[in-house]
Amino acid sequence: MYKLIPFYLVFLLIFSGCQSGRSLDSSEKPEDAFTQSSFEEISLELKEQEDLKQSLQFESEWLKLRSQFIDAEKYARECRIAELKLAAEMARFGSLDQRLPGQGFITDVQRDRWNTQLETKKATRITAGARANLLLRDLKDLEDNINKAGYQVSQSQVFKKLD
């Protein structure tokens with residue numbers, strides 16, 4: 001008797017799955033895609049879906065380039081901040097040096113070393129700014145191409161400091 005249980009289970013599964021005589025409800029009725037109105041509706045939805053796909057492709061490309069530009073702009077700002085911090089430190093020590101009588105405590109070698117560091121930071125900032133400008137140019141070109149294709153790019157800055 002216990003040996004027949006798997007046979008009965010298989011039989012029940014097969015029998016319950018074979019209900020070919022069952023009629024379809026109106027909600028389960030398959031679509032008839034051979035009518036003319038269906039062709040027009042399907043064509044319209046197809047065009048809409050293709051437009052949405054193209055919009056998402058443009059947005060993806062724009063977001064990637066925008067992210068690269070933002071990273072380059074952040075790096076350029078970090079370089080400028082480092083340059084300004086060094087210049088402020090040099091000015092502070094220079095002010096103290098001038099107040100002391102005589103030669104002061106900053107030697108010519110130290111002065112040259114600090115000026116070289118400042119020039120290096122300035123050169124790094126200029127290079128970083130140039131990279132950000134190139135990416136901005138590429139972003140503007142992409143935005144022009146997107147606009148020519150009939151899509152609109154938002155021109156607003158996402159984050160602004162409130163005053």
Side-chain angles (χ1 to χ4, degrees), residues 13 17 25 27-163:
L13 288 173
D25 292 339
S27 63
E28 296 178 18
K29 192 174 186 179
E31 288 187 34
D32 183 10
F34 289 102
T35 63
Q36 185 176 4
S37 63
S38 293
F39 173 75
E40 291 167 357
E41 291 170 6
I42 292 170
S43 295
L44 182 62
E45 185 177 349
L46 176 64
K47 175 77 170 106
E48 289 172 2
Q49 292 300 317
E50 287 172 343
D51 288 345
L52 287 172
K53 180 185 174 201
Q54 181 65 46
S55 173
L56 290 172
Q57 286 175 335
F58 280 140
E59 186 174 356
S60 176
E61 191 176 344
W62 183 84
L63 286 171
K64 287 176 189 173
L65 193 54
R66 175 83 175 149
S67 178
Q68 290 175 356
F69 165 71
I70 294 298
D71 288 342
E73 186 71 18
K74 274 188 345 189
Y75 180 67
R77 300 287 178 212
E78 289 168 0
C79 291
R80 180 65 177 153
I81 289 169
E83 180 185 1
L84 289 173
K85 283 182 178 180
L86 180 60
E89 188 176 341
M90 290 171 66
R92 186 170 58 100
F93 281 118
S95 173
L96 290 173
D97 186 55
Q98 289 176 356
R99 286 189 221 155
L100 293 176
Q103 287 276 68
F105 63 91
I106 299 176
T107 65
D108 288 339
V109 173
Q110 289 173 326
R111 186 178 302 273
D112 289 342
R113 188 178 306 138
W114 281 41
N115 283 327
T116 302
Q117 285 178 348
L118 187 62
E119 287 298 316
T120 302
K121 290 190 181 297
K122 181 179 178 181
T124 303
R125 176 192 42 94
I126 290 171
T127 303
R131 179 169 168 23
N133 287 338
L134 288 173
L135 286 167
L136 181 61
R137 184 197 64 192
D138 291 346
L139 188 62
K140 295 294 183 189
D141 289 344
L142 177 61
E143 289 174 356
D144 289 343
N145 290 339
I146 291 171
N147 289 332
K148 286 177 186 174
Y151 297 90
Q152 184 178 4
V153 178
S154 174
Q155 296 298 323
S156 67
Q157 183 177 0
V158 178
F159 296 100
K160 279 191 171 181
K161 185 171 180 166
L162 300 175
D163 291 327

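Quick caveat: nothing in here was measured; it's all calculated off a predicted structure.
Although no hydrogens or angles enter the test, the distance criterion places a donor-acceptor pair under 3.5 Å between the side chain of Ser43 and the main chain of Phe39. Using a distance-only test at 3.5 Å, with no hydrogens or angles considered, a donor-acceptor pair links the side chain of Thr116 to the main chain of Asp112.
Between Arg131 and Leu135 there is a side-chain heavy-atom pair separated by less than 4.5 Å. In this structure, the side chains of Met90 and Asn115 come closer than 4.5 Å at one or more pairs of heavy atoms. You'll find the side chain of Ser55 stays beyond 4.5 Å of the side chain of Asp51, heavy atoms only. Counting heavy atoms from C-beta on, the side chains of Glu40 and Leu44 never come closer than 4.5 Å.
Nearest heavy-atom pair, Ala128 versus Tyr75, reported as atom, atom and distance to 0.1 Å: CB-CD2, 3.5 Å. Nearest heavy-atom pair, Val153 versus Trp62, reported as atom, atom and distance to 0.1 Å: CG1-NE1, 3.6 Å. When all heavy atoms of Trp114 and Leu86 are compared, the pair lying nearest together is O-CD2, 4.3 Å. Nearest heavy atom pair, residue Ala76 against residue Arg125, reads O-CG, 4.1 Å.
Distance check, rounded to the nearest 0.5 Å: NZ of Lys140 to CG of Asn147 gives 10.0 Å. Atoms OG1 and CD, on Thr124 and Glu119 in that order, are 11.0 Å from each other to the nearest 0.5 Å. Rounding to the nearest 0.5 Å gives a distance of 9.0 Å between CG of Leu84 and CG of Leu118. One finds the NZ atom of Lys74 at 11.5 Å from the CD1 atom of Ile81 (value rounded to the nearest 0.5 Å). Atoms CD and CD, from Glu50 and Glu48 in turn, are 11.0 Å apart once rounded to the nearest 0.5 Å. Atom CD1 of residue Ile126 and atom NZ of residue Lys121 lie 14.0 Å apart, to the nearest 0.5 angstrom.
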*Take Glu83 and Arg80 through the test salt bridge (charged side-chain N to carboxylate O under 4.0 Å, His left out) and record every step on the way to the result.*
CA-CA 5 Å; Glu83 180 185 1; Arg80 180 65 177 153; 3.3 Å; yes
*Starting from the C-alpha separation in whole Å, work towards a yes-or-no answer on salt bridge (charged side-chain N to carboxylate O under 4.0 Å, His left out) for Lys148 and Asp144.*
CA-CA 6 Å; Lys148 286 177 186 174; Asp144 289 343; over 6 Å; no
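The pair Glu61-Lys64 does not count as a salt bridge, with every side-chain nitrogen at least 4.0 angstrom from each carboxylate oxygen. No salt bridge links Lys85 with Glu89; every basic N to acidic carboxylate O contact stays at or beyond 4.0 Å.
Heavy atoms from other residues, nucleotides or ligands lying under 6.0 Å from CD of Gln110 number more than 12. For Gln57, the CD atom sits in a packed shell: over 12 heavy atoms of surrounding residues, nucleotides or ligands are nearer than 6.0 Å.
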